[in-house]
Amino acid sequence: MDIMHRPHRSIWLLIVGISGISGLAWFANTYTPDSWQMIVILFTFIATIITSTLLYFLNNVRHILLITGGLLILLFLRLLGLREIIYPLLLLASLISLELLLRKR
């Protein structure tokens, strides 16, 4: 009988993700995003949380970077006030086409 091979998943990635969510809640309740420094810190915090959590679950760096980049661009568009439905659809189409371009043949 063959034992199914499961990829190695570091528990530290999950710990960083979960503790990052509580740190993000603390940061959002403590500081207001009124300066560009706070916005950069907030976006860096969000990117770290999304990346570490998805690294634990997916184990595919290319997909994780595309998802994280897409979510950060979507949040940045929302920050700028661009809330029409066409922007997320165009972003999704761009990410899918980038994935198809980068796919190994």
Would Arg9 and Asn59 count as a side chain to side chain contact (heavy atoms under 4.5 Å, CB included) if you check the C-alpha gap in whole Å, the side-chain angles of each, and the deciding distance to 0.1 Å? CA-CA 8 Å; Arg9 294 182 176 167; Asn59 271 344; 3.7 Å; yes

In Å and rounded to the nearest 0.5 Å, what is the CG to OG1 distance from Leu71 to Thr51? 9.5 Å

Should Ile64 and Trp12 be regarded as members of a common hydrophobic cluster, given that ILVMFWY residues are connected when their side-chain heavy atoms come within less than 4.5 Å of each other, either directly or indirectly? yes

With a 4.5 Å cut-off on side-chain heavy-atom distances among I, L, V, M, F, W and Y, is there a chain of contacts connecting Leu72 to Leu55? yes

To the nearest 0.5 Å, what is the distance between CD1 on Ile41 and CZ on Phe27? 5.0 Å

Flag yes if Trp26 and Phe45 sit in one hydrophobic cluster, no otherwise; membership is Ile, Leu, Val, Met, Phe, Trp, Tyr, and two members link when side-chain heavy atoms are under 4.5 Å apart. yes

Stepwise side chain to side chain contact (heavy atoms under 4.5 Å, CB included) test for Ile21 and Ile49: CA-CA 7 Å; Ile21 291 171; Ile49 292 168; 3.8 Å; yes

Can you check side chain to side chain contact (heavy atoms under 4.5 Å, CB included) on Thr44 and Val40, steps first, answer last? CA-CA 6 Å; Thr44 306; Val40 168; 4.1 Å; yes

Drop me the distance from Leu54's CG to Ile50's CD1, to the nearest 0.5 angstrom. 7.0 Å

Please answer: with hydrophobic residues joined when any side-chain heavy atoms are less than 4.5 Å apart, are Leu75 and Leu89 in the same cluster? no

Looking at side-chain heavy atoms only, is the closest gap between Tyr87 and Leu74 below 4.5 Å? no

Is Ile85 reachable from Leu92 through a run of I, L, V, M, F, W or Y residues, each pair having side-chain heavy atoms under 4.5 Å apart? no

Does the Thr68 side chain pair with the main chain of Leu65, one donor and one acceptor, at a distance under 3.5 Å? no

Going from CD1 on Ile39 to CD on Gln37, what distance comes out if it is rounded to the nearest 0.5 angstrom? 9.5 Å

Arg62 CZ to Arg103 CZ distance, which is reported to the nearest 0.5 Å: 7.5 Å

Pairwise distance CG(Leu42) to CH2(Trp36) - rounded to 0.5 angstrom: 14.5 Å

For a 4.5 angstrom cut-off between non-hydrogen side-chain atoms, does Leu66 reach Leu98? yes

Heavy-atom side-chain proximity of Phe76 to Leu82 below 4.5 angstrom: no

Check the pair Val16, Tyr56 against side chain to side chain contact (heavy atoms under 4.5 Å, CB included), reporting the backbone distance first and the verdict last. CA-CA 10 Å; Val16 167; Tyr56 180 77; over 6 Å; no

